[in-house]
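None of these values were measured; they are calculated from a predicted model.
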2 protein chains.
Amino acid sequence: MEFGLQFYKKETLKKGKFLVQPGQYIRDFYFMKKGCVTFYTIEEGITRVMEFYTDGSFFTDLYPYIEEIPSESYLKVTEDSIVYVISKSDALKVFDHSHALERFGRLSMQKAFINNFQRINRIKNLSNQERYLQLLEKRPSLFQRVPQYLIASYLGLTPVGLSKIRKRLSKQ
Amino acid sequence: MEFGLQFYKKETLKKGKFLVQPGQYIRDFYFMKKGCVTFYTIEEGITRVMEFYTDGSFFTDLYPYIEEIPSESYLKVTEDSIVYVISKSDALKVFDHSHALERFGRLSMQKAFINNFQRINRIKNLSNQERYLQLLEKRPSLFQRVPQYLIASYLGLTPVGLSKIRKRLSKQ
DNA sequence: CATATTTATTAAACCAGTTTAATTAGAATC
DNA sequence: GATTCTAATTAAACTGGTTTAATAAATATG
């Protein structure tokens, strides 16, 4: 069991539910026990997949959560899921009360930061084909649980583009 | 003065110095008081600019710092700089001793995480031209202190590519 | 100041993606 | 099982970058 999870509330989420929609304020922090939630951003009317949160990850729409401003994103349940939820005020109480959990929070943030930094690294240093292959290798289960056009979006491609890459690869 | 900086040691760095080179272990955490340090990664022999750390930012090569493995990157002083330095062991002592500073550390990490997340957002949702214009708007001083080919690298372009974008823009 | 070196631009050929539209394949529903 | 709907592939034209190489501009050095 992840450290500190005893302060969270367990919830089950049905596929298709929106955890967050644009305009909403974000009061909760989540831990994905089992399932999948997809994070979408909207920019100039275009919706893109930014992240898939699967088993074992902490998540929320962090920027509006922290700044207490309305979200500009979606968080959509892509698969029936079990999550643990804690409100921001409860989380703060826990942190106030426990230096150890505050440290755990800091280290978790550090880990999340590194993940993102390495992702930027990949985006900048690898071709789309290489990033597709790497995703296939590192998170093979995604390809079972999520349609390909969402993965294309996550990789920053159109469905057509990803299809071309797959074809190119199959001919080798 | 940034919170906690009293535990750091002030240092001046000459342009051209490497703060970190591939193979080195990273024992220190930095705060840039005044100046500029450039973070480079190497991937398949190709060196790319990942970040410019300028006035007011905390930085180090975080992944090898945390994991205590050799760095695969460069951190090069791009401009005579004044930084504040704290060793990892000293930082940990400070955190052990002060819940408030531990919290400051957590919140700083949170901020850094969000910055990176939004950067991924920009990379995915904006064209190179838009990202160039945004950089020009948000960090205009970079263009005074750093040569254009490094900015091209930072934007994920070749010098030729950036030059084309600039030309395209000047003809409007 | 003249020269050497580094940085930025331009040109030409090329390529990995895009867009749009048509087609095929697969899943869900009656 | 036939129909409808959604997802994936293919084709064709296009585009914003790349690479390589030459040139021009800016900067540093003797």
Side-chain angles (χ1 to χ4, degrees), chain A residues 14-16 36 38 40-41 43-49 52 74 76-80 120 122-136 140-172, chain B residues 14-17 36 38 40 43-49 52 74 76-80 120 122-136 140-172:
Chain A
K14 280 282 166 210
K15 177 174 176 174
C36 182
T38 306
Y40 300 80
T41 58
E43 198 81 32
E44 293 164 19
I46 296 164
T47 301
R48 285 200 171 79
V49 172
F52 301 107
Y74 292 101
K76 187 178 182 181
V77 180
T78 302
E79 193 177 87
D80 288 357
I120 293 177
R122 284 197 294 278
I123 292 175
K124 287 181 51 109
N125 293 311
L126 302 181
S127 68
N128 288 324
Q129 175 171 315
E130 287 170 315
R131 285 171 50 234
Y132 165 71
L133 287 171
Q134 210 165 291
L135 189 65
L136 204 54
S141 72
L142 267 190
F143 294 77
Q144 261 63 265
R145 53 216 305 198
V146 162
Q148 189 173 301
Y149 69 93
L150 290 184
I151 289 176
S153 175
Y154 173 73
L155 290 169
L157 294 167
T158 60
V160 176
L162 179 51
S163 185
K164 274 190 169 185
I165 287 173
R166 285 160 52 80
K167 189 174 187 197
R168 192 196 305 146
L169 286 165
S170 72
K171 285 199 279 201
Q172 290 183 81
Chain B
K14 280 281 164 209
K15 176 173 176 174
K17 185 191 171 181
C36 183
T38 305
Y40 299 80
E43 197 82 31
E44 293 164 20
I46 296 164
T47 300
R48 285 198 172 80
V49 172
F52 302 107
Y74 292 101
K76 186 177 182 182
V77 181
T78 302
E79 193 174 88
D80 288 357
I120 294 177
R122 283 196 295 277
I123 293 175
K124 287 182 49 111
N125 292 310
L126 301 181
S127 68
N128 288 325
Q129 176 172 313
E130 286 170 316
R131 284 171 51 234
Y132 165 70
L133 287 171
Q134 211 166 290
L135 189 65
L136 204 54
S141 72
L142 267 190
F143 294 78
Q144 262 64 264
R145 51 213 312 195
V146 163
Q148 189 173 302
Y149 69 93
L150 290 183
I151 289 176
S153 175
Y154 173 73
L155 291 168
L157 294 166
T158 60
V160 178
L162 179 52
S163 186
K164 274 190 169 188
I165 288 174
R166 285 161 51 81
K167 190 177 187 193
R168 191 196 302 145
L169 286 166
S170 72
K171 285 200 278 203
Q172 293 184 85

* **Distance, rounded to the nearest Å, where B/Ile46 contributes CD1 and D/dT19 contributes C1'** => 12 Å
* Asked: Atom OH of A/Tyr149 to atom P of D/dT9: distance rounded to whole Å?
  -> 14 Å
* Asked: Considering only heavy atoms, which members of residues 152-162 of chain B lie under 4.0 Å from some atom of DNA chain C?
  -> B/Val160
* For B/Lys164 and C/dC15, what is the distance between atoms NZ and C1' respectively, to the nearest whole Å? -> 12 Å
* So, B/Arg122 side chain and B/Arg131 main chain: donor-acceptor pair closer than 3.5 Å or not? -> no
* Can you check whether B/Gln148 has a side-chain N or O nearer than 4.0 Å to OP1 or OP2 of C/dT9? -> yes
* Asked: ring-ring contact (aromatic ring centres under 6.0 Å, His included) with A/Tyr154: which residues, sequence neighbours excluded?
  -> A/Phe52
* Structure fact -> Separation of C/dA16 atom C1' from A/Arg166 atom CZ, nearest Å, is 18 Å
* Asked: Between A/Gln129 and C/dG17, is there a side-chain N or O to OP1/OP2 distance below 4.0 Å?
  -> no
* Under the side chain to side chain contact (heavy atoms under 4.5 Å, CB included) rule, collect the residues that match up with B/Val160, sequence neighbours excluded. => B/Thr158
* To do: Grab the CG-P distance between B/Asn128 and C/dT18 for me, whole Å please.
  => 13 Å
Tabulate atom names and distances for all N/O pairs under 3.5 angstrom spanning the protein and nucleotides 27-30 of chain D.
none

* **Shortest side-chain distance from B/Pro147, nucleotide among C/dT7, D/dG16, D/dA13** => C/dT7
* Of the nucleotides C/dT9, C/dA13, C/dA16, which one has an atom closest to the side chain of A/Arg168? -> C/dA16
* By ring-ring contact (aromatic ring centres under 6.0 Å, His included) - contacts of B/Tyr149 (at least two apart) -> none
* How close or far is atom C1' of D/dA7 from atom CZ of A/Arg145, stated in whole angstroms? -> 20 Å
* **Selection residues 141-152 of chain B - residue pairs positive for salt bridge (charged side-chain N to carboxylate O under 4.0 Å, His left out), sequence neighbours left out** => B/Asp55-B/Arg145, B/Glu79-B/Arg145
* To do: Write down the distance between CD1 (B/Ile165) and C1' (C/dA8), rounded to a whole number of angstrom.
  => 14 Å
* **Inter-end axis angle, the helix from C/dC1-D/dG30 to C/dC30-D/dG1, with every axis fitted to five base pairs (rounded, 10 degrees)** => 40°
* Can you name the residues that form a side-chain hydrogen bond (donor to acceptor under 3.5 Å, both in side chains) with B/Gln148, not counting sequence neighbours? -> B/Arg166
* Given side chains that start at C-beta, do those of B/Leu169 and B/Leu133 come closer than 4.5 Å, heavy atoms only? -> yes
* To do: Would you mind reading off the distance between A/Lys167 atom NZ and C/dA25 atom P, rounded to a whole angstrom?
  => 13 Å
* Only counting residues at least two apart or in another chain, list the ones meeting ring-ring contact (aromatic ring centres under 6.0 Å, His included) with B/Tyr40. => none
* Counting only N and O atoms by type, is there a donor-acceptor contact under 3.5 Å from the side chain of B/Lys124 to the main-chain atoms of A/Val49? -> yes
* Asked: Under the side chain to side chain contact (heavy atoms under 4.5 Å, CB included) test, which residues partner A/Thr78, sequence neighbours left out?
  -> A/Cys36, A/Thr38, A/Val146
* With sequence neighbours left out, write down each residue that passes side chain to side chain contact (heavy atoms under 4.5 Å, CB included) with B/Asn125, or none if nothing qualifies. => A/Thr41, A/Glu43, A/Arg48, B/Asn121
* Apply side chain to side chain contact (heavy atoms under 4.5 Å, CB included) to B/Lys164 and list each qualifying residue two or more places apart in sequence or on a separate chain. => none
